[in-house]
Every structure is written in C-alpha cells, then in structure tokens.
> 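The structure follows.
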Amino acid sequence: DAKTTQPTSMDCAEGRAANLPCNHSTISGNEYVYWYRQIHSQGPQYIIHGLKNNETNEMASLIITEDRKSSTLILPHATLRDTAVYYCIVRSPNTNAGKSTFGDGTTLTVKP
Amino acid sequence: GAVVSQHPSWVICKSGTSVKIECRSLDFQATTMFWYRQFPKQSLMLMATSNEGSKATYEQGVEKDKFLINHASLTLSTLTVTSAHPEDSSFYICSASTGSNSPLHFGNGTRLTVT
C-alpha cells in the first residue's frame with residue numbers, strides 16, 4: 001500500500017473549518033484513501049473514505065485532487081471534541097480484509 | 001452497526017504472568033481481525049493478522065510465541081500476552097472490517113500494565 005505524509009500538528013479555532021492535508025503521491029489506481037481519528041486513550045474511529053470523487057458524510061468532507069496524489073479532510077465546524085490525532089491511510093481493496101498500516105498522523109488541536 | 005468490543009479495557013498484572021485480551025465483532029462476522037499495539041505518543045503498530053480457523057500472521061519482529069492469537073469463531077479473536085514483562089506494557093487495540101473494501105472498526109483498546 002502507498003505511503004502517506006501528513007503534517008505533525010495543526011491548530012484550529014473552535015467553530016472554524018479544519019483542513020487536514022495528506023500527501024499520497026505514490027497512490028495506485030485502485031487504492032482508496034481512508035481517514036481515521038484517535039481521541040486520547042481510545043481506539044481509532046473511522047471518518048470517511050474515497051477513491052477519486054469528493055465524499056461527504058455527517059462527520060466530514062474528503063477532497064481528493066484530480067491526480068489523486070493528495071487529499072484534504074475537512075471538518076466544517078470544528079469543536080473542542082474534534083481534538084485528536086488524524087490518520088490518513090491508503091489501501092487497496094485487494095488488501096487482506098482491510099489490513100492497514102498507520103503513519104504518525106496529524107495532531108489537531110481545536111482551541112476555544 | 002459494525003461494532004467491535006474489546007475486553008478488558010485495562011489490566012494490571014505481575015511480571016511473568018499471562019494476560020488474555022478478547023476482541024468481539026458484535027453485529028457482523030469477521031473472518032479476519034487485526035491486533036495493534038501503541039506505545040505512548042506513538043502511532044499504532046500492526047502486530048498480527050488473526051484469521052478465523054487458521055494460524056495468525058505476525059508482522060516482522062513480533063514474537064508469535066509471546067503473543068498468542070486464537071480466532072476460534074467468526075466473532076471472537078483473543079490475544080494472550082504470555083510471560084508478560086514491564087516492556088510489554090502498552091495499549092493493545094483490535095480491529096476488523098466487514099469486507100475488503102470497507103473501513104476498519106476498532107475496539108476501545110486494552111491498557112496493559114505489567115508490574
């Protein structure tokens with residue numbers, strides 16, 4: 001599976017949009033982009049995933065560039081409870097039942 | 001839907017003893033589950049892939065005789081840390097997905113402290 005690069009940390013003001021970038025320049029044609037987050041001392045939580053089209057759900061939006069070499073996770077109105085480590089993962093559907101390797105992620109701190 | 005339950009949420013044991021951690025998929029069947037370990041301020045490290053009815057597949061550097069994995073049913077995988085030592089103290093997390101193109105769902109983790 002392709003490797004991803006994310007900034008180590010980011011801050012965001014409460015109520016503003018949080019835009020978290022991810023670089024996956026070596027992504028293959030059938031690999032999906034997945035986003036998870038981990039709030040302190042809890043198991044990770046799935047947020048959203050996509051292949052090439054932009055995706056939106058109740059938690060976030062995922063914007064994937066046309067060349068698919070990077071993506072941005074958008075939390076439209078960040079709250080203090082969105083403070084967490086956010087992980088971007090690239091994975092092929094052929095990967096053994098979802099086997100995923102985690103990088104270091106981005107620590108997002110939402111400030112009042 | 002797609003809930004993964006992990007038990008216990010924390011455990012303290014003495015050096016040299018063994019500890020078993022359970023991971024259950026509550027509302028779906030999981031032929032494959034994954035076990036991760038996480039040290040403080042670090043990312044999740046994949047330890048092994050647990051396969052129902054067959055042997056687990058361990059990542060490089062993970063001792064299979066120390067971390068015993070049993071996946072006897074489609075909804076239960078167990079990780080036993082044998083002869084635990086203080087350096088095994090960590091946060092252990094299991095996960096599973098409902099299909100190869102589906103997201104992973106994670107348990108809430110088990111905090112193991114070996115004294």
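So that the names make sense, note that chain A is the first sequence line, chain B the second, and so on, each numbered from 1.
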> Checking heavy atoms, do the side chain of B:T49, its backbone, both or neither come under 4.5 Å from chain A?
side chain
> Contact part of A:S41 toward chain B, heavy-atom cut-off under 4.5 Å: side chain, backbone, both or neither?
both
> Can you tell me which of A:G43, A:P44, A:G105 forms the most heavy-atom pairs within a distance under 4.5 Å of chain B?
A:P44
> With a 4.5 angstrom heavy-atom cut-off, is it the side chain or the backbone of B:Q38 that approaches chain A, or both, or neither?
side chain
> Counting heavy-atom pairs closer than 4.5 Å to chain A, which one of B:G107, B:G109, B:S95, B:S102 comes out on top?
B:S102
> With the threshold set at 4.0 Å, does a side-chain nitrogen-carboxylate oxygen contact exist between A:K99 and B:E59?
yes
> Which residue pairs pass the disulfide (SG to SG under 2.5 Å) test with at least one member in residues 44-115 of chain B, sequence neighbours excluded?
B:C23-B:C94
> Just to verify, what does A:W35 make a side chain to side chain donor-acceptor pair (under 3.5 Å) with, not counting sequence neighbours?
none
> Under 4.5 Å, counting heavy-atom pairs only, tell me which of B:V4, B:T32, B:T31 racks up the most with chain A.
B:T32
> Give a yes or no on this: more than 12 heavy atoms of other residues, nucleotides or ligands lie within 6.0 Å of atom CG of A:N19.
yes
> For the residue pair A:R91 and A:Y34, would you count it as a cation-pi contact if the rule is NZ or CZ under 6.0 angstrom from the ring centre and within 45 degrees of the ring axis?
yes
> Under a 4.5 Å heavy-atom cut-off, does chain A meet the side chain of B:L104, its backbone, both or neither?
both
> Check whether B:L44 gets within reach of chain A through its side chain, its backbone, both or neither, counting any heavy atom under 4.5 Å.
both
> So that I can tick it off, tell me whether B:E22 and B:R24 are bridged by a salt bridge, with the cut-off set at under 4.0 angstrom between side-chain N and carboxylate O.
yes
